[in-house]
Amino acid sequence: MPELPEVNTVRKGFDQAVLDLKIIEVEVYDDKILRNASGVEFESTLTGQTFTGSYRQGKYFFGDLDDGSAVLFHLGMTGDIIYYHDDADRPPHERFSIKFSSGLKLGYDDPRKFSDIRILENRQAYLEQIGLGPDALEIDAKSFREIFDGRKTTIKALLMNQKLIAGIGNLYADEICFQARLHPGSRAGALSDRHTDSLYLKMREILQTACDRDAYYKVYPDDWFWKWRTDKIEFLEEKGRICKSKIAGRTTYYIEDYQKLIV
DNA sequence: TGTGATGTTGAATG
DNA sequence: GCATTCAACATCAC
């Protein structure tokens, strides 16, 4: 479930585990997810180098290499990074592995292969090229408000549009709408400043809380919307009927009447 | 066994 | 500009 908090957690783990360790071996088992290099090129480019730092914007995570280039790790829907020493602990759908001087291995796991892994000479230029919007935890209130002005699209589609705000996916979009008590199908441009500010504050609070808890949903607050997926749905039911529909092309859950529809 | 749904993005279409 | 559909791919629940 890699949205901003999950990717943030992957980055934290990466920094802790492999920064400043020399890469001594790279093995590619499936080059489908390598979008601009062959397996052999990937192996030879990385081997001998060191990750000196990392960077994240939205769901895009980069490992910076000592020659000034960078590796993009975009996790898609099911990408994940696992660290291990013993090959017996290899993840089940490992597409490549990177072995470091300490003997530690970074295993890249991705059952559905929607990941986008690529080598970039300049990550900043790449971000500009794809037009990725400002990170959801970095954007200021004024810019956030301006995004909504005059837009006919739904607030859910807007929140998930990575070119406008980077980092929010289907699940957190629903969580933000729920906590801001706004119907996900509300028209962006129809929102008052008070509503937009409420969305902004909830977005920050939710993403920050999730990051602080390492995106480990089991320790998320009990009054979050996500709890509908667990056993604690009584508190939701007393607010109203739990509805399921398709908004912005994605399965969407919300509480009827509790979340105000503004059109 | 078959069918539909699933956290991602991007392209094509209307 | 925006909504919709599809494609990439594998797994899981029903």
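Just so it is clear, the values below take in all heavy atoms, side chains as well, and ignore hydrogens, waters and symmetry mates. Protein chains get the first letters and strands the later ones, always in sequence-line order, with residue 1 at the start of each.
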For this session: Indicate if A/F51 and A/I119 have the same hydrophobic cluster label, given that clusters are the connected sets of ILVMFWY residues with side-chain heavy-atom separations under 4.5 angstrom.
Result: yes
Exercise. Using the P atom in both, what is the distance from B/dG4 to C/dT5, to the nearest Å?
Worked result: 15 Å
Exercise. When we call it a touch if two heavy atoms are under 4.0 Å apart, what does A/R250 touch: a base, just sugar-phosphate, or nothing?
Worked result: base
Seminar exercise, completed: note: A/F114, atom CZ; C/dA8, atom P; distance rounded to Å ~ 10 Å
Exercise. Can you tell me how far C1' of C/dA8 sits from CG of A/L34, to the nearest Å?
Worked result: 15 Å
Seminar exercise, completed: Between CG of A/D31 and P of C/dA8 the distance, given in whole Å, is 17 Å
Exercise. Are any of the side-chain heavy atoms of A/M203 and A/L207 separated by less than 4.5 Å?
Worked result: yes
Exercise. A/T78 side chain N/O closer than 4.0 Å to the phosphate oxygens (OP1, OP2) of C/dA10?
Worked result: no
Problem set entry | Electrostatic pair A/K105-A/D87, nearest N-O below 4.0 angstrom | yes
Seminar exercise, completed: Closest to the side chain of A/P111, out of C/dA3, B/dT6, C/dT11, is C/dT11
Problem set entry | Rounded distance in Å between the P positions of B/dA5 and C/dT4 | 16 Å
Exercise. Using the P atom in both, what is the distance from B/dT9 to C/dT11, to the nearest Å?
Worked result: 22 Å
Exercise. Taking CG from A/L171 and C1' from B/dT8, how many angstroms apart are they, rounded to a whole number?
Worked result: 12 Å
Problem set entry | Between A/Y172 and A/W224, ring centroids under 6.0 Å | no
Problem set entry | Per A/H74 side chain, nearest of listed nucleotides C/dA10, B/dT9, C/dA3 | B/dT9
Exercise. Going through the checks in order, is the salt bridge (Lys or Arg N to Asp or Glu O under 4.0 Å) test met by A/D110 and A/R112?
Worked result: CA-CA 6 Å; A/D110 185 8; A/R112 289 180 69 178; over 6 Å; no
Exercise. Is there a side-chain polar atom (N or O) of A/T251 under 4.0 Å from OP1 or OP2 of B/dT6?
Worked result: yes
Problem set entry | A/D109 vs A/R95, salt bridge (Lys or Arg N to Asp or Glu O under 4.0 Å): CA-CA, chis, key distance, verdict | CA-CA 6 Å; A/D109 189 66; A/R95 306 308 179 187; over 6 Å; no
Exercise. Which is true for A/S115 with a 4.0 Å heavy-atom rule: it touches a base, it touches only sugar-phosphate, or it touches nothing?
Worked result: nothing
Seminar exercise, completed: Taken to the nearest whole Å, NZ/A/K59 to C1'/B/dG7 is 8 Å
Problem set entry | Minimum-distance nucleotide (side-chain atoms of A/Y60 versus B/dG10, B/dG7, C/dT11) | B/dG10
For this session: Among the candidates C/dC2, C/dC9, B/dG10, find the nucleotide nearest to the side-chain atoms of A/K163.
Result: B/dG10
Exercise. Is any side-chain N or O of A/H93 closer than 4.0 Å to OP1 or OP2 of C/dC9?
Worked result: no
For this session: Would you indicate, yes or no, if B/dT9 has its OP1 or OP2 atom less than 4.0 angstrom from a side-chain nitrogen or oxygen of A/Q162?
Result: yes
Problem set entry | Electrostatic pair A/D149:A/R151 at N-O distance under 4.0 angstrom | no
Problem set entry | Residue-phosphate contact under 4.0 Å: A/R35 side-chain N/O, C/dA8 OP1/OP2 | no
Exercise. Is any side-chain N or O of A/R112 under 3.5 Å from a base N or O of B/dT6, one able to act as donor and the other as acceptor?
Worked result: yes
Exercise. P atom, B/dG7 versus C/dC14: distance in rounded Å?
Worked result: 15 Å
For this session: Could you tell me whether the side chains of A/S54 and A/R11 share a donor-acceptor contact shorter than 3.5 Å?
Result: yes
Problem set entry | Whole-Å distance separating the CZ atom of A/F148 from the C1' atom of C/dG1 | 17 Å
For this session: Grab the NZ-P distance between A/K246 and C/dT4 for me, whole Å please.
Result: 10 Å
Exercise. DNA chain C in dot-bracket, Watson-Crick or G-U pairs under 3.5 Å, [ ] crossing, | other strand?
Worked result: .|||||||.|||||
